[in-house]
2 protein chains.
Amino acid sequence: MSSLKNVADMAGVSVATVSRVLNSDDVVKEDTKQKVLAAIKKLNYTPNRVAQRLRSTKTNSRIIGLLIPDIQNPFYVDVIRGIEDYAYAHNSVVIIGNFSQDEKKEKLYIDILKSESVDGFIVAPSNEKDVYIKALIEDGFPIVCIDRGMKDVDVDLVKVDNQQGVFNAVQHLIGLGHTRIGHVTGKPFLPTTHERMAGYEEAMKMYDLEIDPEIIVSSNSDYDSGAEKTAHLLELENPPTAIFTANNLITLGALDTINRRGLRIPEDIAIVGFDDVYWANSLNPPLTAVRQPGFEIGRRSCELLIQRINKPDRSVASIILKTELMIRKSCGS
Amino acid sequence: MSSLKNVADMAGVSVATVSRVLNSDDVVKEDTKQKVLAAIKKLNYTPNRVAQRLRSTKTNSRIIGLLIPDIQNPFYVDVIRGIEDYAYAHNSVVIIGNFSQDEKKEKLYIDILKSESVDGFIVAPSNEKDVYIKALIEDGFPIVCIDRGMKDVDVDLVKVDNQQGVFNAVQHLIGLGHTRIGHVTGKPFLPTTHERMAGYEEAMKMYDLEIDPEIIVSSNSDYDSGAEKTAHLLELENPPTAIFTANNLITLGALDTINRRGLRIPEDIAIVGFDDVYWANSLNPPLTAVRQPGFEIGRRSCELLIQRINKPDRSVASIILKTELMIRKSCGS
DNA sequence: CTGAAAGCGCTTACAG
DNA sequence: CTGAAAGCGCTTACAG
């Protein structure tokens, strides 16, 4: 691959000049600019991004580090698509670190990404006081959080109104006549878990329904524990007639359990889940779900990050997106 | 972040010496080595990968470019996980380019990744004679293909025995008494489409069943066209009693159509799909499917790539993995 | 308006 | 066994 030097030689100018036209420094005389452009074209030259990155931070070919808790979760896939979409349109590129909820892996990725000189990070912190992320922020790295914020630290954040989303879902269930509504929550220490819980309680209270701790069970936010906790709920002496599941993995697990037991949805048990999936209509019956705009979350977070990189001292922003209740057939009609 | 120079100063040696202990060049005297190590530890030093990459190709912190046709396809998500898993364990990192079957985007990603000096590429070529990939191979870049090979070029490849996989699935259907078996194929120009077709034909012929072109329809390999083509099949005057769908997106689309029409699976229509998903048991009924070991495909491809990077002239390898028919409930019993 | 030169953080012949 | 120096491909003050 050809270098600046090659272009300079061919155009009969210095590398400095070539660099200037590349970075559209408009001091360059039109005439020489054309010569350089011609040489670039002829040599099919593209700047070496590694050298650019080593030299300076003021490029617009950014490299973005993405720390994702679980790439198998379709919600994060949507987020990734959104980030990638925005990054791509802005001449940037993303390195993915999928840390599988493993703090050690998270730490190592942070180190690697730092030494790759990423221009900034987009992360879903593994918990509210994630020390590694906190350190990153305090070190002044450009960061935006998605899905979950941080405690005691100001940081850009893009997420969804969880409480409102769950409120709508539970209200929907209540409107359909359910009064005993189970809740399989996510991991106890996640902010989203609390917010979703709050939405559940808000709805139950508003309609004067009993909040029975027996039918509120916390899961590990994954498929297996979703299946297991649902089984638990179903085996209760006085089981719920409807279940709210706090994320898509839990929902899928719950469906597994319900199918395995030959229960009919919604006749025997109704279900609404947090997180929609693009194949919700492929389920039988089609799943009613709280849709998070994952793609949009991704795009916005990437936009915020690039802003932050360009202007490190702009004030911290929180973007709260709305959810949408996708009413299909899993709750009755 | 501290640099080689800082370490050298603190240890009272030259940067060359520090570099040597970093790259475990064993000429360094044990004594000075210890001093350097101590300084490294004290300063919490990690080498700057960007500088390393600019300087030399003989590092073992690789950066791998991944060109993926569609990150929303769960099969590729598994592949990505496998790649990431192997890369992570080998001090390497992956940059994802999700080109969404768009050749222009594919081309641009290739250029970007080249100028990021990636050490090699893992790609699922958009077709057998993908010119950009071909050019890359001819330029001598380390490359391994996944899922689909290339025509007229020797290249490392890891994929699955598609024909055998489909043969098993169709044979299963036949064993259950089906004789009129529809087939929604993938995109016409993909190698996998042909191989899967061959498996279908092989099975039909072996059992002396009619291969009726009317019930073999080609789709665009995605959800929507899977839904649409299945509708077409179902509306035929003499519709099939069972359908084989050639990938997971098509399968999901087919399920959507079947549900929408209120048809029962497998009583009204049986279905087997290529590609398994981890939530197959969440479907109602649980889906019978041909499982590709996506994670394994990812791991092996990354292993192959790193081998190739280290030894550019080792002979070309093809790894063909086995599929597994996951018999659940969507075909009858 | 343009060039010569320093430097980003490394690695690696070349001397000694 | 160790250091001084060149160089990877760029950008950017500093002169002119």
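Letters A, B, ... are given to chains in the order of the sequence lines, protein chains preceding strands, and every chain is numbered from 1.
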Please state whether the phosphate of [N], meaning OP1 or OP2, lies under 4.0 angstrom from any side-chain nitrogen or oxygen of [X].
X	N	answer
Asn48(B)	dC8(C)	no
Gln52(A)	dG9(D)	no
Ser14(A)	dG3(C)	yes
Thr32(A)	dT2(C)	yes

>> Closest approach to the side chain of Leu54(B), judged atom by atom: which nucleotide of dC10(D), dT11(D), dC8(D) is it?
In response: dC8(D)

[X] [atom1] to [N] [atom2]: how many Å, rounded?
X	N	atom1	atom2	value
Arg53(B)	dC8(C)	CZ	C1'	15 Å
Lys5(B)	dG9(C)	NZ	P	11 Å
Asn6(A)	dC10(D)	CG	P	9 Å
Arg49(A)	dC8(C)	CZ	C1'	18 Å
Gln34(B)	dT2(D)	CD	P	12 Å
Asp31(B)	dT2(D)	CG	C1'	13 Å
Lys35(A)	dC1(C)	NZ	P	14 Å
Leu22(B)	dC10(C)	CG	P	8 Å

For nucleotides 14-16 of chain C, list the nitrogen or oxygen atoms of the protein found under 3.5 Å from its nitrogen or oxygen atoms, one pair per line.
none

>> What I want to check is whether the side chains of Tyr76(A) and Asp147(A) have a donor and an acceptor closer together than 3.5 Å.
In response: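 Judged by distance alone, the side chains do pair up.
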
>> If you assign Ser3(B) and Ala16(A) each to the DNA chain C nucleotide with the nearest heavy atom, which residue ends up on the more 5' nucleotide?
In response: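 Nearest nucleotide further toward 5': that of Ala16(A).
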
Pick base, sugar-phosphate or nothing for [X], based on heavy-atom distances below 4.0 Å to the nucleic acid.
X	answer
Ser19(A)	base
Val13(B)	sugar-phosphate
Val28(B)	sugar-phosphate

> Based on Watson-Crick and G-U pairs with both distances under 3.5 Å, what dot-bracket line describes DNA chain D 5' to 3', crossing pairs as [ ] and inter-strand pairs as |?
Replying inline: |||.||||||||.|||

>> Show me the pairs that pass ring pair (Phe, Tyr, Trp, His ring centres under 6.0 Å) and involve residues 114-138 of chain A, at least two apart or across chains.
In response: Phe121(A)-Phe141(A)

>> Walk me through whether Asp9(A) and Lys5(A) qualify under salt bridge (charged side-chain N to carboxylate O under 4.0 Å, His left out).
In response: CA-CA 6 Å; Asp9(A) 288 350; Lys5(A) 181 97 182 40; 3.1 Å; yes

> With no angle test and no hydrogens, is the base of dG9(C) tied to the side chain of Arg55(B) by a donor-acceptor pair under 3.5 Å?
Replying inline: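 Check fails, no donor-acceptor contact within cut-off.
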
Under 4.0 Å between a Lys/Arg side-chain N and an Asp/Glu carboxylate O for [X] and [Y]?
X	Y	answer
Asp85(B)	Arg299(B)	yes
Arg53(A)	Glu116(B)	yes
Lys134(B)	Asp130(B)	no

>> Testing Ser301(A), Pro125(A), Cys302(A) one by one against Ile146(A) for a side-chain contact (heavy atoms from CB on, under 4.5 Å), which residue passes?
In response: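 Considering Ser301(A), Pro125(A), Cys302(A), a side-chain contact (heavy atoms from CB on, under 4.5 Å) with Ile146(A) is found only for Ser301(A).
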
>> Asp156(B): which residues meet the salt bridge (Lys or Arg N to Asp or Glu O under 4.0 Å) condition with it, sequence neighbours left out?
In response: Arg308(B), Arg314(B)

>> Tell me every residue that passes salt bridge (Lys or Arg N to Asp or Glu O under 4.0 Å) with Arg300(B), counting only those two or more places apart in sequence or in another chain.
In response: Glu296(B), Glu303(B)

> Taking only residues at least two apart or on different chains, which pairs with a member in residues 99-108 of chain B satisfy salt bridge (Lys or Arg N to Asp or Glu O under 4.0 Å)?
Replying inline: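 The answer is Glu84(A)-Lys105(B), Lys107(B)-Asp111(B).
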
